[in-house]
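Please read the structure below before turning to the comments.
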Amino acid sequence: MGVATGPIRVVVAKPGLDGHDRGAKVIARALRDAGMEVIYTGLHQTPEQIVDTAIQEDADAIGLSVLSGAHNTLFAAVIDLLRERDADDIKVFGGGIIPEADIAALKKLGVAEIFTPGATTASVVDWVRGHVRESAGS
(Lines give C-alpha, C1' and ligand atoms only; values in the text may rest on other atoms or scores of the structure.)
Protein backbone atom coordinates (compact mmCIF):
# COMPACT_ATOMS: atom_id res chain seq x y z
CA MET A 1 0.00 0.00 0.00
CA GLY A 2 1.04 3.54 -0.65
CA VAL A 3 1.19 6.35 1.83
CA ALA A 4 -2.34 7.37 2.72
CA THR A 5 -3.31 11.01 2.57
CA GLY A 6 -6.27 12.97 3.79
CA PRO A 7 -8.14 12.63 7.05
CA ILE A 8 -7.88 9.53 9.19
CA ARG A 9 -10.84 7.24 8.44
CA VAL A 10 -12.35 5.37 11.40
CA VAL A 11 -15.15 2.82 11.44
CA VAL A 12 -16.97 2.96 14.79
CA ALA A 13 -18.93 -0.22 15.41
CA LYS A 14 -21.18 -1.91 17.94
CA PRO A 15 -20.63 -5.64 17.54
CA GLY A 16 -22.95 -8.27 18.93
CA LEU A 17 -26.26 -7.98 20.69
CA ASP A 18 -25.43 -5.00 22.87
CA GLY A 19 -28.04 -2.30 22.24
CA HIS A 20 -26.46 0.62 24.08
CA ASP A 21 -24.70 2.95 21.68
CA ARG A 22 -24.50 6.32 23.40
CA GLY A 23 -20.75 5.97 24.08
CA ALA A 24 -20.04 4.89 20.50
CA LYS A 25 -21.96 7.88 19.18
CA VAL A 26 -20.10 10.25 21.52
CA ILE A 27 -16.75 8.87 20.33
CA ALA A 28 -17.83 9.00 16.68
CA ARG A 29 -18.82 12.64 17.06
CA ALA A 30 -15.58 13.55 18.88
CA LEU A 31 -13.48 11.94 16.15
CA ARG A 32 -15.54 13.69 13.47
CA ASP A 33 -15.24 17.04 15.25
CA ALA A 34 -11.46 16.48 15.36
CA GLY A 35 -11.40 16.33 11.56
CA MET A 36 -11.51 12.58 11.01
CA GLU A 37 -13.85 10.79 8.65
CA VAL A 38 -16.10 8.51 10.69
CA ILE A 39 -18.31 5.70 9.48
CA TYR A 40 -20.72 4.58 12.20
CA THR A 41 -22.11 1.12 11.47
CA GLY A 42 -25.02 1.17 13.90
CA LEU A 43 -26.11 -1.49 16.35
CA HIS A 44 -25.91 -5.28 16.22
CA GLN A 45 -23.10 -5.66 13.70
CA THR A 46 -21.36 -8.97 13.13
CA PRO A 47 -17.57 -9.05 13.00
CA GLU A 48 -17.89 -9.88 9.29
CA GLN A 49 -20.01 -6.79 8.64
CA ILE A 50 -17.57 -4.60 10.55
CA VAL A 51 -14.52 -5.88 8.68
CA ASP A 52 -16.33 -5.68 5.34
CA THR A 53 -17.24 -2.05 6.05
CA ALA A 54 -13.69 -1.18 7.11
CA ILE A 55 -12.22 -2.68 3.95
CA GLN A 56 -14.84 -1.14 1.65
CA GLU A 57 -14.41 2.27 3.28
CA ASP A 58 -10.59 2.07 3.18
CA ALA A 59 -10.53 2.68 6.93
CA ASP A 60 -7.37 3.28 8.88
CA ALA A 61 -8.90 2.04 12.13
CA ILE A 62 -11.86 0.29 13.69
CA GLY A 63 -13.19 1.44 17.04
CA LEU A 64 -15.30 -1.21 18.78
CA SER A 65 -17.67 -0.50 21.64
CA VAL A 66 -18.70 -3.48 23.75
CA LEU A 67 -20.76 -3.34 26.91
CA SER A 68 -22.23 -6.84 26.79
CA GLY A 69 -19.30 -8.79 28.23
CA ALA A 70 -18.58 -10.49 24.89
CA HIS A 71 -15.48 -8.39 24.23
CA ASN A 72 -13.01 -11.30 24.20
CA THR A 73 -14.96 -13.17 21.53
CA LEU A 74 -15.94 -10.15 19.43
CA PHE A 75 -12.55 -8.43 19.41
CA ALA A 76 -10.84 -11.73 18.54
CA ALA A 77 -13.22 -12.34 15.66
CA VAL A 78 -12.57 -8.88 14.18
CA ILE A 79 -8.79 -9.27 14.53
CA ASP A 80 -8.89 -12.77 12.96
CA LEU A 81 -11.00 -11.59 10.03
CA LEU A 82 -8.68 -8.65 9.37
CA ARG A 83 -5.72 -11.06 9.25
CA GLU A 84 -7.58 -13.51 6.99
CA ARG A 85 -8.40 -10.70 4.57
CA ASP A 86 -4.88 -9.22 4.57
CA ALA A 87 -6.20 -6.07 6.19
CA ASP A 88 -4.37 -6.27 9.50
CA ASP A 89 -2.88 -2.83 8.80
CA ILE A 90 -6.25 -1.51 10.01
CA LYS A 91 -5.74 -0.74 13.69
CA VAL A 92 -8.36 -1.93 16.15
CA PHE A 93 -9.11 -0.08 19.36
CA GLY A 94 -12.03 -0.35 21.66
CA GLY A 95 -13.86 0.62 24.74
CA GLY A 96 -16.73 -0.20 26.96
CA ILE A 97 -17.19 -2.31 30.03
CA ILE A 98 -13.97 -4.30 29.79
CA PRO A 99 -12.44 -5.66 33.00
CA GLU A 100 -8.87 -4.61 33.70
CA ALA A 101 -7.93 -8.30 33.86
CA ASP A 102 -8.90 -8.78 30.18
CA ILE A 103 -7.00 -5.82 28.73
CA ALA A 104 -3.55 -7.44 28.52
CA ALA A 105 -4.96 -10.49 26.71
CA LEU A 106 -6.83 -8.27 24.24
CA LYS A 107 -3.67 -6.30 23.53
CA LYS A 108 -1.69 -9.51 23.06
CA LEU A 109 -4.35 -10.57 20.57
CA GLY A 110 -3.69 -7.43 18.55
CA VAL A 111 -6.07 -4.81 19.91
CA ALA A 112 -4.02 -1.60 19.86
CA GLU A 113 -5.73 0.19 22.75
CA ILE A 114 -8.62 -0.18 25.19
CA PHE A 115 -10.49 2.74 26.71
CA THR A 116 -12.46 1.98 29.85
CA PRO A 117 -15.27 4.00 31.47
CA GLY A 118 -14.04 7.41 32.46
CA ALA A 119 -11.76 7.84 29.46
CA THR A 120 -12.22 11.28 27.98
CA THR A 121 -13.08 11.93 24.36
CA ALA A 122 -9.90 14.01 24.18
CA SER A 123 -7.81 10.99 25.23
CA VAL A 124 -9.40 8.88 22.47
CA VAL A 125 -8.88 11.59 19.84
CA ASP A 126 -5.27 12.12 20.96
CA TRP A 127 -4.55 8.39 20.86
CA VAL A 128 -6.03 8.01 17.37
CA ARG A 129 -4.05 10.99 16.11
CA GLY A 130 -0.84 9.63 17.61
CA HIS A 131 -1.18 5.96 16.72
CA VAL A 132 -3.34 5.59 13.64
CA ARG A 133 -1.69 6.38 10.34
CA GLU A 134 0.77 8.79 11.90
CA SER A 135 1.48 10.34 8.50
CA ALA A 136 -2.11 11.52 8.08
CA GLY A 137 -2.75 15.23 8.07
CA SER A 138 -4.56 15.29 11.41
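Positions are given from 1 along the sequence.
In this structure, R129 contributes its side chain and V124 its backbone to no donor-acceptor pair below 3.5 Å. Checking side-chain atoms of D60 against main-chain N and O of V132 turns up no donor-acceptor pair under 3.5 Å. Side-chain atoms of T53 come within 3.5 Å of backbone N or O of Q49 as a donor-acceptor pair. At least one donor-acceptor pair under 3.5 Å links the side chain of R9 to the backbone N or O of E57.
Ring orientation note: the planes of W127 and F115 are nearly perpendicular, at an angle over 60° on the 30°/60° scale.
Nearest heavy-atom pair, P7 versus G35, reported as atom, atom and distance to 0.1 Å: CB-O, 3.4 Å. Heavy atoms only, all atoms of each residue included: F75 and G95 are closest at CZ-N, 4.4 Å. The heavy-atom pair separating D18 from S65 by the smallest distance is OD2-O, 4.4 Å. Minimum interatomic distance between G110 and R83 (heavy atoms only, all atoms of both residues): CA-NH2, 4.1 Å. For the pair G96 and P117, the tightest heavy-atom approach, listed with the atom from each and the gap, is O-CD, 3.2 Å. Residues I98 and D102 come closest through the heavy atom pair CG2-CB, 4.3 Å.
Under the 4.5 Å side-chain heavy-atom criterion for grouping Ile, Leu, Val, Met, Phe, Trp and Tyr, I90 is connected to V111 within one hydrophobic cluster. There is no path of hydrophobic side-chain contacts, each under 4.5 Å, that joins I39 to L43. Note: the hydrophobic cluster containing V66 does not contain V12 (ILVMFWY, side chain heavy atoms under 4.5 Å, direct or indirect links). By the rule that hydrophobic residues join a cluster once side-chain heavy atoms approach within less than 4.5 Å of another member, L106 and V92 end up as members of one cluster. V10 and L64 fall into different hydrophobic clusters, defined by Ile, Leu, Val, Met, Phe, Trp and Tyr side-chain heavy atoms under 4.5 Å apart, directly or through other members.
Of the inter-residue distances, the one linking L17 atom CG with L74 atom CG reads 8.5 Å to the nearest 0.5 angstrom. We find the CG-CZ distance between D33 and R29 to be 6.0 Å, quoted to the nearest 0.5 Å. For the atom pair NE2 of H44 and CG of D21, the computed distance is 8.5 Å after rounding to the nearest 0.5 Å. A distance of 11.5 Å separates NZ in K14 from CD in Q45, rounded to the nearest 0.5 Å. Atom NE2 of H71 sits about 8.0 Å away from atom CD1 of I114, to the nearest 0.5 Å. Between atom CD1 of residue I79 and atom CD1 of residue I62 there is a gap of 8.0 Å, rounded to the nearest 0.5 Å.
Taking 4.5 Å as the limit, some side-chain heavy atom of D52 sits within range of a side-chain heavy atom of R85. In this structure the side chain of V125 never reaches within 4.5 angstrom of the side chain of I27, judged on heavy atoms.
Between E113 and K107 there is a salt bridge, since at least one side-chain N of the basic residue sits less than 4.0 Å from a carboxylate O of the acidic one.
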